[in-house]
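Below: the structure, in structure tokens.
Just so you know, these numbers come straight off a predicted model, no measurement behind them. Sequential numbering from 1 along the given sequence is applied to the chain's residues. Heavy-atom basis, side chains included; hydrogens, waters and symmetry copies ignored.
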Amino acid sequence: GTTPVNIRGKPILSKTGGWIAAFFIFGNEVAERMAYFGLSVNMVVFMFYVMHRPFTSSANAVNYFLGISQASSVLGGFLADAYLGRYWTIAIFTTIYLLGLTGLTLCATMSAFVPNQAQCDQLSILLGNCEQPKPWQMLYLYTMLYLAAFGAAGIRPCVSSFGADQFDERSKDYKAHLDRFFNFFYLSVTIGAIIAFTMVVYIQRTFGWGSAFGSLALAMGFSNAVFFIGTPLYRHRLPGGSPLTRVAQVLIAAFRKRNVPFSSSDLIGLYEIAGNKSAIKGSGKIEHTDDFRCLDKAALQVKEDGANPSAWRLCTVTQVEEVKILLKLLPIPACTIMLSVMLTEFLTLSVQQAYTLNTHLGHLKLPVTCMPVFPGLSIFLILAFYYYTFVPLSRRITGHPQGASQLQRVGVGLAVSILSVAWSGIFERYRRNYAIKHDYQEFFLTPMPGLSAYWLLIQYCLIGIAEVFCIVGLLEFLYQEAPDAMRSVGSAYAAVAGGLGCFVATILNNIVKASTGNEAEGRPSWLSQNINTGRFDYLYWLLTVMSLINFCIFLFFAKRYKYR
């Protein structure tokens, strides 16, 4: 049922796959993350300075890009598990991604796609006096941007699962390989982010927007070529048919038999096909559990079902257990939405903080747009020393071979994220008081020479640690615990949680602006454009309280979860 196959669909009996195949896949992830973060950092500035759009609408457009590219990842997971398989899903959607990036490069390169830049200095842009883009120009830009988002949505749930597929489950070192793979996978994510926050920013400042977006398209094209070169090495798992259809069949069959008691005289038993193999292609049999007993009625076989019952009336135990597993997994990624909210807020709020701080490092002045590189650097260092520091120390305490279980690592990440946002509130309060004391209250875009931006490194490093433990642990947890034929959908849970975090952050900001500010009374909101009159520290404290509540909810579900 779960035997891997090659690209022609024939069973693999050799040592195909493994680390060599995985490294071909890592290259694809580096380029995808480079494009994702490159667009998230540069697109707001491009739309503001080149397309002459208001800052708020530019930021919202990019937030929608981030949200769509993650929240719609379930579509890519569905196609991979149901029809295409992970390899072909990656191949198709990376091509779509490349088309979107190429279109954005053309937009930034050809003057016909942007409004007239003549007599449009920085003051005119700030006052909104520059020529506005034509409707078709914005339509083209949004089409290419969301085409890239659609491509990212198809790739994200499949790359980590396809990489993990390369390791033989029958190997005695399988779990150790899988643990290291997910750490290396997130390391490749981090490398892509670091390149986006440094080299792509440098290219944009030195050579212009066309070169910056072009570098993202070239990286994606090169990674696609590398991915296809590795084709003969890959291990594949056959798609098991539509997981949504199977879920719907279980729900409808359970509803139809809702009134049939488990002690009925007509009861034959719980239905499962004979033999060692499951009826679901690409999946092994799953043993019955006592959770969600109401769903077991979908597998209740009674005399009136007949010899050849419809799948919409009678389901196998394995099919029912698939649905149970998806339901049991759901609370864990849901509890990581709060981490995504914090990451989204940090991406914008910390940059606004950095504009008021001294970014000099000796004689070198670091651009403010490069500040988000520091969480990436902290992640890189943590992952580099992970197996030499955390694992040996925690192994002595827990006795766990990998130092800590997946859920323990997720919990550590959520706990550290609370420290990060709490410190952010403390420092922002100090920064704001410093600005008022030294008469910088109205100069919110003027750096204060006496206060270094590198105080932000504390919150950056803490959020980096939180990401390593939480996201890596979550990806490994979802891959190992998801049903065999639904692993891409399981991995999509993490991406959907990330996307929902982007939307929640946007909604939270809108609520805060509407409820804390009053222009008629001259009272600025917490998120005032002038950070020195606003109260970013209050927002950080609100996030701290919400994170504490979220952490308690996580502990409740994690304590009750039973590993397969």
- [ ] Measure the acute angle between the ring planes of Phe184 and Phe26, then classify it against the limits of 30° and 60° as parallel, tilted or perpendicular.
- [x] tilted

**Q.** Whether Gln204 side chain and Asn42 backbone form a donor-acceptor pair below 3.5 Å
**A.** no

Open item on the list: In this structure, is the centre-to-centre distance between the rings of Phe150 and Tyr97 below 6.0 Å?
Closed with: no

Rounded to the nearest 0.5 Å, the CD atom of Glu345 sits from the CG atom of Leu343 at a distance of 10.5 Å

Requested in this report: Apply the test side-chain contact (heavy atoms from CB on, under 4.5 Å) to residues Phe37 and Ile195: give CA-CA distance (whole Å), side-chain angles for both, the deciding distance (0.1 Å), then the verdict.
Outcome: CA-CA 9 Å; Phe37 287 109; Ile195 294 172; over 6 Å; no

When rounded to the nearest 0.5 Å, the distance separating CD1 of Ile463 from CD1 of Ile458 is 14.0 Å

ask   = Do Glu32 and Ser223 have a side chain donor and acceptor closer than 3.5 Å?
value = no

Self-check item: Validation row, ring centre Phe46 to ring centre Phe213 under 6.0 Å
Solution: yes

Task: Heavy atoms of other groups near Tyr174 OH, more than 12 under 6.0 Å - done: yes

### Side-chain donor/acceptor of Tyr493 to backbone N/O of Ala334, under 3.5 Å
no

CD1 (Ile96) and CG (Leu101) are apart, to the nearest 0.5 Å, by 12.0 Å

Sorted by chain and number, sequence neighbours left out, side-chain contact (heavy atoms from CB on, under 4.5 Å) with Cys335 holds for Asn550, Ile553, Phe554

The complete set of side-chain hydrogen bond (donor to acceptor under 3.5 Å, both in side chains) pairs with one or both residues in residues 463-482, sequence neighbours excluded, reads Asp165-Tyr479, Tyr186-Glu467, Gln406-Gln480, Arg409-Glu476, Tyr479-Arg487, Glu481-Tyr561

Nearest heavy-atom approach of Val320 to Ala298 is CG2-CB, 4.0 Å

Do Ser188 side-chain atoms and Phe185 backbone N/O form a donor-acceptor pair below 3.5 Å? yes

- [ ] Answer whether the closest heavy-atom distance between the side chains of Tyr83 and Trp88 falls below 4.5 Å.
- [x] no

Distance col, row Leu99:CG vs Phe93:CZ, nearest 0.5 angstrom, shows 12.5 Å

ask   = Any idea how Tyr540 and Phe346 line up, ring-wise: parallel (<30°), tilted (30 to 60°), or perpendicular (>60°)?
value = perpendicular

Could you give me the CA-CA distance, side-chain angles and deciding distance for Thr190 and Leu377, then say whether side-chain contact (heavy atoms from CB on, under 4.5 Å) is met? CA-CA 8 Å; Thr190 305; Leu377 288 174; over 6 Å; no

By salt bridge (charged side-chain N to carboxylate O under 4.0 Å, His left out), Lys328 pairs with (sequence neighbours left out) Asp291

All heavy atoms of Ala558 vs all of Leu407, minimum pair found to be O-CD1, 4.0 Å

For Phe167 and His177, the nearest pair of non-hydrogen atoms, with its separation, is CD2-CB, 3.9 Å

### Message
Between Met51 and Met43, is there a side-chain heavy-atom distance shorter than 4.5 Å?
### Response
no

Met34 and Ala219 have their tightest heavy-atom pair at SD-CB, 3.8 Å

*ring pair (Phe, Tyr, Trp, His ring centres under 6.0 Å) between Phe227 and Phe24, worked out*: CA-CA 6 Å; Phe227 177 76; Phe24 279 101; 9.0 Å; no

Looking only at heavy atoms, the pair that brings Ala148 and Leu39 closest together is CB-CD1, 4.3 Å

Review point. Are Phe197 and Phe374 close enough, and set up right, to give a ring pair (Phe, Tyr, Trp, His ring centres under 6.0 Å), and what steps lead you there?
Key: CA-CA 9 Å; Phe197 292 136; Phe374 287 106; over 10 Å; no

Ignoring hydrogens and angles, write down the donor-acceptor pairs under 3.5 Å from the side chains of residues 414-422, residues two or more places apart or on other chains.
residue : atom : partner : partner atom : Å
Ser417  : OG   : Leu414  : O            : 2.6
Ser420  : OG   : Gln459  : O            : 3.0

Evaluation steps, side-chain contact (heavy atoms from CB on, under 4.5 Å), between Met486 and Glu322: CA-CA 8 Å; Met486 292 187 179; Glu322 279 188 330; 3.4 Å; yes

Only one of Ile325, Thr318, Val323 passes side chain to side chain contact (heavy atoms under 4.5 Å, CB included) with Pro483, and that residue is Ile325

In this structure, OG1 of Thr89 is separated from CG of Leu84 (nearest 0.5 Å) by 4.0 Å

Notebook entry, point to check: So, do Met546 and Val341 sit near enough that their side-chain heavy atoms are less than 4.5 Å apart?
Noted result: no

Note to self: Quick check: do Val412 and Ile465 have side-chain heavy atoms less than 4.5 Å from each other?
What the structure shows: no

**Asked** Can you find a heavy atom in the side chain of His236 that is under 4.5 Å from one in the side chain of Arg86?
**Response** no

Correct closest heavy-atom pair for Ser378 and Gly464 would be OG-CA, 3.5 Å

Residues 91-101 vs salt bridge (charged side-chain N to carboxylate O under 4.0 Å, His left out), sequence neighbours excluded, gives none

* Asked: Are any of the side-chain heavy atoms of Val247 and Leu251 separated by less than 4.5 Å?
  -> yes

* More than 12 heavy atoms from other groups under 6.0 Å of CE on Met199 -> no

* Verify, without hydrogens or angle tests, whether Ser340 (side chain) and Thr336 (backbone) share a donor-acceptor contact under 3.5 angstrom. => no

Rounded to the nearest 0.5 Å, the CD1 atom of Ile332 sits from the CG atom of Leu478 at a distance of 9.0 Å

Using the rule given for side-chain contact (heavy atoms from CB on, under 4.5 Å), can you reason through Val545 versus Trp541, listing the C-alpha separation, both sets of side-chain angles and the distance that settles it, and then say yes or no?
CA-CA 6 Å; Val545 174; Trp541 288 120; 5.8 Å; no

Practice prompt. Keeping the roles fixed (side chain from Gln166, backbone from Arg235), state whether a donor-acceptor pair exists under 3.5 Å.
Written response: yes

### Query
Are Pro333 and Val496 close enough that some pair of their side-chain heavy atoms sits under 4.5 Å apart?
no

Note to self: Determine whether a donor-acceptor pair (N or O, by modelled atom type, separation under 3.5 Å) exists between the side chain of Tyr36 and the backbone of Ala31.
What the structure shows: no

Taken in chain and number order and not counting sequence neighbours, the residues that satisfy side-chain contact (heavy atoms from CB on, under 4.5 Å) with Thr94 are Asn28, Ile90, Ile155, Asn224

Practice prompt. Evaluate whether atom OH of Tyr146 has more than 12 neighbouring non-hydrogen atoms of other residues, nucleotides or ligands under 6.0 angstrom away.
Written response: yes

